[in-house]
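One structure is given below, encoded as structure tokens.
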Amino acid sequence: MGLGVLAVLIVLAGWQLLSVTGVLNEQAVPSAVQVAAAMLTLLGTSTFWASMWATLASALAGLAILTGIAVVIAALVTRSKFLYESTWFIFEFLKPIPPIALIPLGLLLWGPSPTMKITLITFGALWPLLTQLIYASRAIDGVSLDVARSYRLGLARTARYVVLPSVLPYALTGLRISASIAIIISVVTEMVGGAAGIGQDIIVAQSANDLPTMYGLIMMTGILGLLINVIFALASRSLLFWHPSQREDLR
Amino acid sequence: MSAPLSAPRFSWRLLLLRSWLPIMLVLVWWFVSDGRDSLYFPSLRTITETLTTDWLGPAFGSAFVPSATNFVVGFLIAGIAGIILGTAIGLSPVLRAMTEPLIQFVRSIPPPALLPFVLLIFGIGPTMSIAIIVIGAIWPTLLNTIDGVRGIDGQLLDVSRSYRLNFWRRLWYVVLPGASPQIFAGLRITLQMSIILIVVSEMVAATRGIGYYLLNSQQTFAVPQTWASTIVLGILGYIANLVFSVVEHRVLRWHNERNALTTKGSS
Amino acid sequence: MTSSATSVPSTAAGPPEDGTVMLKTRDLHKSYGQVDVLAGVDFAARAGEFVCVVGPSGAGKTTLLKCISGLMRPTSGEVVFEGVPVTEPPAKLAVVLQDYSRSLMPWLTVGGNIDLVLRAKSLSRTERVAVIAEALTAVGLEGREDMYPWQMSGGMQQRVSIARGLAYQPDVLLMDEPFAAVDAQTRIDLEDLLLAVQARYDMTVLFVTHDIDEAVYLADRVIVLSGAPTTVTEEIAVQLPAPRDQVSTKTLPEYGQIRAHVFGLIRDAKATSRTTPK
Amino acid sequence: MTSSATSVPSTAAGPPEDGTVMLKTRDLHKSYGQVDVLAGVDFAARAGEFVCVVGPSGAGKTTLLKCISGLMRPTSGEVVFEGVPVTEPPAKLAVVLQDYSRSLMPWLTVGGNIDLVLRAKSLSRTERVAVIAEALTAVGLEGREDMYPWQMSGGMQQRVSIARGLAYQPDVLLMDEPFAAVDAQTRIDLEDLLLAVQARYDMTVLFVTHDIDEAVYLADRVIVLSGAPTTVTEEIAVQLPAPRDQVSTKTLPEYGQIRAHVFGLIRDAKATSRTTPK
Amino acid sequence: VGQGSAITIGKGDPIKVGVIPVVDYAPVYIAIERGYFSDEGLNVQTQVMQNAAAIAPGVINGQLQFGTAATTAFIAPAAKGLPLVAVADQADVAVDEAADPAAVLVGADSAITRPKELEGKTVATNALGSIAYVSMAALVKGDGGDPSKVSWVAMPFPDMVGALAEGRIDAAFANEPFTTLHQQAGAVVLSPGLFPVFTPGESYALVFSAKPFVEKNPEIVEAFVSALAKASELARTDPQVVVDVLVKYGGMKPEVAAAMKQPTFGDNVDPAALTQASEVMADLGMLPGPVDGTTLVMDGGETP
Ligand SMILES: Nc1ncnc2c1ncn2[C@@H]1O[C@H](COP(=O)(O)OP(=O)(O)OP(=O)(O)O)[C@@H](O)[C@H]1O
Ligand SMILES: Nc1ncnc2c1ncn2[C@@H]1O[C@H](COP(=O)(O)OP(=O)(O)OP(=O)(O)O)[C@@H](O)[C@H]1O
Ligand SMILES: [Mg+2]
Ligand SMILES: [Mg+2]
């Protein structure tokens, strides 16, 4: 953690240096100190916290919904070759559709509302997790499945005690990817589609040419992602204590 | 739970299996929407007409090709850079501790917000579009590589240490293959995101390309064109995935066969 | 060559003489792609019988066990368990797999790994805890409930998976080289434990081993497999007096005879299997 | 109790009598968290010596081997290889690990797995191919170069990792229960193969086994470990005539004596180790 | 389409307006700030959105009751058949060149002297197809150039300031406050932004609604429009009111807001001006042909 903080400080110092020396045009990008000051101001305003919450809440809601959907689809599709092959084209076709392209459609159906945001988040951030889950199912050790079958653990217990822990390493990576995409889509739809949140504040600051605030808000989305990741990292550490990636005794 | 193999070896059966549902859906869409054009939901017939006149016509060379090129280049750079950086970070605890917060931070910033920095470094042009694709799409590969490298069975690392494989051999024969199942999961998502980011990259600085076409038609309420370009993206994604899965099938054969084997008893 | 009844030195087993047939294979074939491994394996195990399977490395013992347990589908032929053809592992059957290091779930403690297979049984939580403790004690791992498999030595892991198989109290227990990784004394203890448990619950045991002494010591019948493509070379009924005893049984002249005979068969089988490289 | 020279029935080995010391441990301690596993292990192996290590399951044999090979850092004490303290695995040393199913790279063929360790040697491609073929033939797997490890039976996998160790031609070979999963005949063949190779290249071998017959048959010296927390209970020099022979050696009265003695030691060790449950 | 908007708004029900956060739509905020809406018994709420393409769908399906747009951005969907009508004026094109708050700018020592010379150059617009793009393209075309030879780049207004100053782009369109910022950074005005292209003294930014909604709620619309008209009137006469609103709702720094050139806040939407704008668009190939402005305005342009 100490090293990480150090690295962040180095980057910030580099930024400030670029601004002070004029390499970074102050018209284009404010200096690190200005942005930091703007962020401090933001922290004191209640509208900022409301926006932050709006952005975060939609991202989390979307994440929760898409997790459910991804798990169900993955479970169905990995259990049946027929389903897997039949739906292959559809999924591969849907995946590259950019959520941005769907914003007008979302606005038409739900208006500038949290529902619209959450729907787009769900659609846009679903695929990484789903892809990870499908790959994860292929990485399950056949021997543990053999054990499950030979002791007839049944579907529920196999899922809970064998499949779930086996797919967890991939799933957690997938969740982390989906989580930041969820935040990004949340912010971008707010920017374009007007639902309340950090994105909308960014647009307002942009229109007013309040660049320090605008970059401060952008930094805040980064910090939001960082915080969500800290949660996932802690979860990984306790859920994957048995996995080589978390076991320091191997080294 | 059996593991279906995405075996791209061609067979008529597989083709049928993969195509019946899409064909059905297209037919349903066609007949339900036919003659019921509405502004936001044009009929499939209208969309198809736009598709053929625009995308099989001049737009193919002037819009599809440059976008597809940027996408391929962007994906390759994102994939390769993701693997290289991910391996380095996965192998080095110090590097990991240093980069972890930065990575998690940058990952959640919407790519358009990074525009001024990208502009500063790359200027305006295809390089910038590619840079945006790379910056936006590198993360899944990077994260999966880090996690994959860290998740390698310690026993195999013991073997390579005890036989004193030098760093490069260890990397090439042990670390990368060991992480490859997870790396491929990451690459698959990077691939998908690269296509999505075509649009974002052309939102900024392009006068042609699929993304430009899509955004422009969206802004000007040319809805059939918006749908058509969305479909073009879908088709591009589909083709890219097909190629990708052929490569993956070859590289991960050991992995898929091994894990399918024990419990399926495939003959 | 199937089920041949070459009766040296004791009477051949052939079809079971008495008792109901618990488990039977009929003309079992299995190939992996082009490679034939099982080439028509026929045998039967009576209820309560202790059958040992020996054969050269790579003969297909594991393959056979997996087919019998229903974990793997044979290419042709069938497995019949209590009169019913096997397609999935039957409820009353348990398997102790050869690959012990991968057959324990690393995310569960040793206790959890055993508990997992007990949950289907209608036992209360305390009963399960007691069963687990008893099983672990039996294999010499008392008080290790809370360790994780990856904190254990190879032999300890192997004993946990034996404990799991025993705790399940199946009617038929299939074991694939279960004592390969334990020391000589522990092995002896476990052999006797297994015999005792088998006698107590009248279990049918199908036991794959490389140790000929062990096979002859434990078995009511030893099935010797040829090298791949595999058939049953010979079935040898071991009519040594029960209960067996590590010292006295092994000094019986008949024991030595059977032992030598089995050894000869395996040497021959190995010599022939050498000729099939791919 | 370290390196105690309790001389029953042959003269104790103690410090090496002649030849240079190849490998030495000094007061080796290793604990996993709170659990002490090695509690001061001292021993030395001379160049060209064949040392077998026996001890109850869970005693710490694997731990000891990993510390010696430099794969694991001991908690205290040191390992000296040719006069140099070991921190990383030395170049001239090879290890055959106990967990065979996880010590071959599943993404490489059998040939590729062996080739991998040969690449550091200055051999041409054709020479490497020849070495691989020779090594595989030696372990009875001729022509299996292109199979993948997961297409092989347990015993075959184990033999591949032995072949890999031999093909590497190390000065010191550490083996952790390398024959646990092979059949009796193959085991005999491999034992003799190992003795021949060791004699030809004057290799130093440190060999962990559970099979006391095997230990006595192979070893110049048998090291008996106590149960955890582990120390060396006794070192027994095995002064049976070389070359050893599967039939004649095993009928020597001295062989039987040593065998019985070792067996007794292990039984005692096991009995004491039982008392440390957690 | 559009029936989703055919809802009846009762007394006190929230009326949502999709607003693009630029100075052109200050009257909406002034009407809220001054209580003109509540005086009419309306409960108006604003919803900040980025562009008309995002606002129009919301208005169509009744999520929003009103939306703001530049004329061109409003004409595009309306001409495509979306049942949208302009209900109120917001900002008018300046009546003389010097008063135009919008401008096309080039770098400090740029060699570009006339719009035709933008051919082959990198020119920034805020969005593809926006009024900024239409103006510049029309300028180029009107000067005898070919807009398709210009290399258009889309970027947010603030980013253009730095990009132009550093020479990464050759020209940019700006509206206030960015015109002033550009000039402070050394940029030079190549041409006024809107004045040469659109009808001077007439609307370029307006408020629109959906036809079904207007038909169902004539009184509400009437009340809304008259409150807005009052706000526009005030804005025209007292620039400080606009500055206050920009600082309060737009997050603008007071000194910036005070320094900027304000647009002329208009009183009615002239159908002829819409027709003219549609001609410009048609000329650029953005519409199949000009549209009759009277079909785009509520009551055919009769000011309530
Ligand atoms: N997936 C596979 N593809 C090809 N051949 C296979 C596969 N799995 C097993 N085999 C072959 O089948 C044969 C029998 O394997 P099996 O594991 O049943 O042997 P075994 O008798 O249990 O040997 P061991 O005593 O060494 O455990 C071996 O020759 C092996 O190479
Ligand atoms: N990671 C760990 N954490 C805690 N204890 C461990 C860990 N690894 C090993 N141990 C303990 O260390 C002891 C010795 O293990 P080791 O594998 O060295 O035994 P061994 O002598 O090789 O046994 P076997 O003959 O069964 O292979 C065991 O009691 C084991 O439980
Ligand atoms: Mg086997
Ligand atoms: Mg061990």
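Proteins come first, then strands; the chains are lettered A, B, ... in the order of their sequence lines, and each starts at number 1.
Interface residue A:Thr221: backbone and side-chain heavy atoms are both found under 4.5 Å from chain B. Contacts of B:Phe244 with chain A are made by side-chain atoms alone, with heavy-atom separations under 4.5 Å and no backbone atom involved. Neither the backbone nor the side chain of A:Phe91 comes within contact range of chain B; no heavy atom of the residue lies under 4.5 Å from a heavy atom of that chain. The contact between B:Leu143 and chain A is made by backbone and side chain atoms together, counting heavy-atom distances below 4.5 Å. Contact of B:Leu197 with chain A is not made at all, since no heavy-atom distance falls under 4.5 Å. Looking at B:Leu25, only its side chain comes within 4.5 Å of chain A, counting heavy atoms on both sides. For A:Met220, no part sits under 4.5 Å from any heavy atom of chain B, backbone or side chain. Interface remark: A:Leu105 contributes side-chain atoms only to the contact with chain B (heavy atom separation under 4.5 Å). If you measure heavy-atom distances from A:Ile181 to chain B, the contacts under 4.5 Å come from the side chain alone.
Looking at A:Ser186, its side chain does come within 3.5 Å of a backbone N or O of A:Thr55 through a donor-acceptor pair. Side-chain N or O atoms of A:Gln132 include none that pairs as donor or acceptor with a backbone N or O of A:Ala171 at under 3.5 Å. At distances below 3.5 Å, at least one donor-acceptor pair connects side-chain atoms of B:Arg96 with backbone N or O atoms of B:Gly90. Under the 3.5 Å distance criterion, the side-chain polar atoms of A:Ser80 are left unmatched by any main-chain donor or acceptor of A:Val77.
Among B:Val200, B:Val199, B:Ile198, the one residue that satisfies the side-chain contact (heavy atoms from CB on, under 4.5 Å) test with B:Glu202 is B:Ile198.
Here the closest non-hydrogen pair linking B:Ile133 and B:Asn70 is CD1-O, 3.8 Å.
Among the candidates A:Pro96, A:Ala182, A:Ser236, A:Pro98, the residue making the largest number of heavy-atom pairs closer than 4.5 Å to chain B is A:Pro96. Of all the listed residues (A:Ile183, A:Ile223, A:Leu227), the one sharing the greatest number of non-hydrogen pairs under 4.5 Å with chain B is A:Ile223. Chain B forms more heavy-atom pairs under 4.5 Å with one residue of A:Ser180, A:Pro169, A:Gly225 than with any other, namely A:Ser180. With chain B as the partner, the residue from A:Asn229, A:Ile177, A:Leu226, A:Leu240 showing the most heavy-atom pairs under 4.5 Å is A:Asn229. Of the listed residues (A:Pro128, A:Ala136, A:Ala179), the greatest number of heavy-atom pairs within a distance under 4.5 Å of chain B belongs to A:Pro128. In terms of non-hydrogen atom pairs under 4.5 Å with chain B, the most contact-rich of A:Val188, A:Val187, A:Ile100 is A:Ile100.
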**Prompt:** Passes ring pair (Phe, Tyr, Trp, His ring centres under 6.0 Å), B:Tyr238 versus A:Trp88? Steps please.
**Reply:** CA-CA 9 Å; B:Tyr238 179 78; A:Trp88 201 79; 5.7 Å; yes
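Ring geometry for A:Phe93 against A:Phe89 counts as parallel: the plane angle stays under 30°, on a 0 to 90° scale with 60° as the upper cut.
A cation-pi geometry, defined here as NZ or CZ lying under 6.0 Å from the six-membered ring centre and within 45° of its normal, does not hold between A:Arg157 and A:Tyr161.
Counting only N and O atoms by type, the side chains of A:Trp15 and A:Ser31 include no donor and acceptor under 3.5 Å apart.
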